[in-house]
Amino acid sequence: MVDFDVGVILPAAGSGERLGGSTPKQYCKILDKPLFLHALESFENISYVRHIVLVVDDPANVEALLQESNCPKVLVVQGETTRHRSIRAGLQALSKLDCELRVVIVHDAVRPIVPSDLVEQLVKAANENGAAGSVCPLISTVLSAESDGSLQTALDRKSHLASETPQAFQMNVLLSSYNKCTEEDLDCGTECLQLALLYAGVHARLIKGSPNDLWKVTLHRDLHMATECLRERSNSVCIMATEDSEPAKLLSESLASHVQRVERVLTSNEDSVSRSSGQIFNNIIFFHASQIDMESPLLNFSSLFDLDNQGLIIHVLEQGNAEELQTMNVYDLQLSGQRMARQYQKLKKGVVVIHCLDNDTDSTNLVRLVTSLLKAHPFSLSGQTLFL
Ligand SMILES: C[C@](O)(CO)[C@H](O)COP(=O)(O)O
């Protein structure tokens, strides 16, 4: 437990040169939010975090972007020309606030995943030791080069680590490090832990994090990874099916490692949700043993919908009655799927209907299809009727 107040500095004033394009990476939209907002909201949700300083290039623009989000702890501050100068500006703003912050966290706003258990370990370690940083094993060996570009030497990969954020510092350690450091440090340095070592004599404790969580958006390809990872993490899935539905069982097992939460609600009657746990979900998958009335508004299930988050309603017709389907017009089927999609758009839900055309449909294909649908933008395939 952390029983003292903690401040957070989120540097977000960079120009994002390595990513390219005209929009600095912190403003790129990921799942309908500017990238910086994902990390910011995670810190907003940590109870012992009292204030968050977001250091940006254009405070008026960011204030406008923040208007519709619920971020009561945030203070937006003008950034400067380099990383260290911006962090120092954030620290000065934090130190002027009317409260005693024992520990300050520094976290890059372009690292959208903030593991709360690691943050707590870092805060405790910094409180005891003065500073703590998160680290990951090196993925590639690091070389140093001669001035002519030829190899000088290769570092031993086992004895070096990649520095990541979040990092945590006692407030007075970070303040005195920035007060004492040189103009050269402020212009060329990249590592706060090094300032704490050089100017406060603190050997930061290094805490290993997971490379799956600790990465920052630097290159264009990272934007795709951020979208995929954040969507997987935010997805919760309710699977409604009868007990004997093997594909539903298989799907729920395989989704467990891909989404934040999956629950199978057993139904004896498709109109009933009496066995639901009371949790809400942004995605709902209905397994139907026979034809469904696609015009029905599904209101019986509205208590399951998480209306704050976008998601999908997927109808799977498990043993689609092929003969019955053959007599139906595919065009009409498609139209009723589209009508249902329009109906649910206001609830932030896309709708996809999957017909498994015969009893031998390979369940693994269904699992693959549903897994890809859940990773896509919920409205990108909404209204589609698919046949497996
Ligand atoms: C971990 C870090 O290298 C500083 O310690 C940091 O992530 C650097 O980020 P930047 O992209 O170079 O600002």
Side-chain angles (χ1 to χ4, degrees), residues 8-21 23-28 30 34-36 38-40 42-43 53-57 77-91 103-115 118-119 121-123 125-126 129-140 142 144 155 160-169 173-174 177-178 181 184-200 202-223 225-226:
V8 177
I9 302 171
L10 295 178
S15 58
E17 261 168 48
R18 287 171 286 183
L19 186 109
T23 308
K25 58 190 172 184
Q26 59 274 28
Y27 302 124
C28 290
I30 305 283
L35 177 59
F36 74 81
H38 292 275
L40 176 57
S42 300
F43 283 110
V53 171
L54 182 64
V55 192
V56 300
D57 55 335
V77 162
Q78 177 70 56
E80 297 189 19
T81 46
T82 65
R83 174 182 179 82
H84 276 324
R85 288 187 189 280
S86 289
I87 294 174
R88 187 179 62 169
L91 185 62
V103 167
V104 177
I105 295 167
V106 176
H107 181 71
D108 301 324
V110 294
R111 295 177 181 259
I113 294 175
V114 180
L118 177 67
V119 172
Q121 285 182 58
L122 290 161
V123 166
N129 182 66
S134 46
V135 291
C136 283
L138 284 180
I139 289 175
S140 303
V142 176
S144 63
L155 299 187
H160 291 82
L161 294 161
S163 173
E164 313 284 350
T165 69
Q167 299 174 340
F169 304 85
V173 165
L174 201 57
S177 305
Y178 275 108
C181 73
E184 198 190 341
D185 289 322
L186 291 172
D187 284 338
C188 308
T190 55
E191 184 51 75
C192 299
L193 300 177
Q194 178 77 347
L195 294 187
L197 177 65
L198 292 178
Y199 300 106
V202 171
H203 287 260
R205 189 136 351 127
L206 302 180
I207 299 180
K208 284 215 170 96
S210 163
N212 287 325
D213 298 335
L214 302 183
W215 43 267
K216 65 180 165 177
V217 172
T218 306
L219 306 174
H220 192 265
R221 58 160 196 222
D222 302 332
L223 291 172
M225 181 171 73

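Because only heavy atoms are used, hydrogens play no part in the values below, and waters and symmetry mates are left out as well, while side chains stay in. It should be emphasised that the depicted structure is a prediction, and the values quoted were computed from it without experimental measurement. For ligands, and for the atoms within them, numbers begin at 1 and follow the listed sequence.
- Listed here is the closest heavy atom pair of G14 and P24: O-CB, 3.8 Å.
- When all heavy atoms are compared, the tightest approach of H107 to P11 is O-CD, 3.1 Å.
- Within ligand 1, counting atoms from 1 as listed, the ones closer than 4.0 Å to a heavy atom of R111 are 1 (C), 7 (O).
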Practice problem: Report the C-alpha distance between L214 and L118 in whole Å, list the side-chain angles of each, state the deciding distance to 0.1 Å, and finish with yes or no for side-chain contact (heavy atoms from CB on, under 4.5 Å). | Solution: CA-CA 10 Å; L214 302 183; L118 177 67; 3.9 Å; yes
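- Taking all atoms of both residues into account, the shortest heavy-atom contact from C192 to Y178 is SG-OH, 3.4 Å.
- When only interatomic distances are considered, the shortest N/O to N/O separation between E191 and ligand 1 falls below 3.5 Å.
- When every heavy atom of A126 is checked against every heavy atom of F169, the shortest pair comes out as CB-N, 3.8 Å.
- Distances from atom 12 (O) of ligand 1 to the heavy atoms of Q194, K216, H107 show the closest one on K216.
- Protein heavy atom closest to atom 6 (C) of ligand 1, with residue, atom name and distance, is D108 OD2, 3.4 Å.
- Between K25 and ligand 1, no pair of N/O atoms sits closer than 3.5 Å.
- Heavy atoms of G14 come nearer than 4.0 angstrom to ligand 1 in no pair at all.
- Short contacts between ligand 1 and S163, defined as distances under 4.0 Å to a heavy atom of the residue, involve ligand atoms 1 (C), 5 (O).
- A salt bridge does not link D213 to R111: none of the charged side-chain nitrogens sits closer than 4.0 Å to a carboxylate oxygen.
- A pairwise comparison of heavy atoms in V106 and T165 identifies O-CB, 3.7 Å as the closest pair.
- The option with the heavy atom closest to atom 3 (O) of ligand 1, from among L193, L214, T190, is T190.
- Ligand-side atoms of ligand 1 in range of Q167: 5 (O), range being under 4.0 angstrom from any heavy atom.
- In terms of N/O distances under 3.5 Å, ligand 1 is approached by R83.
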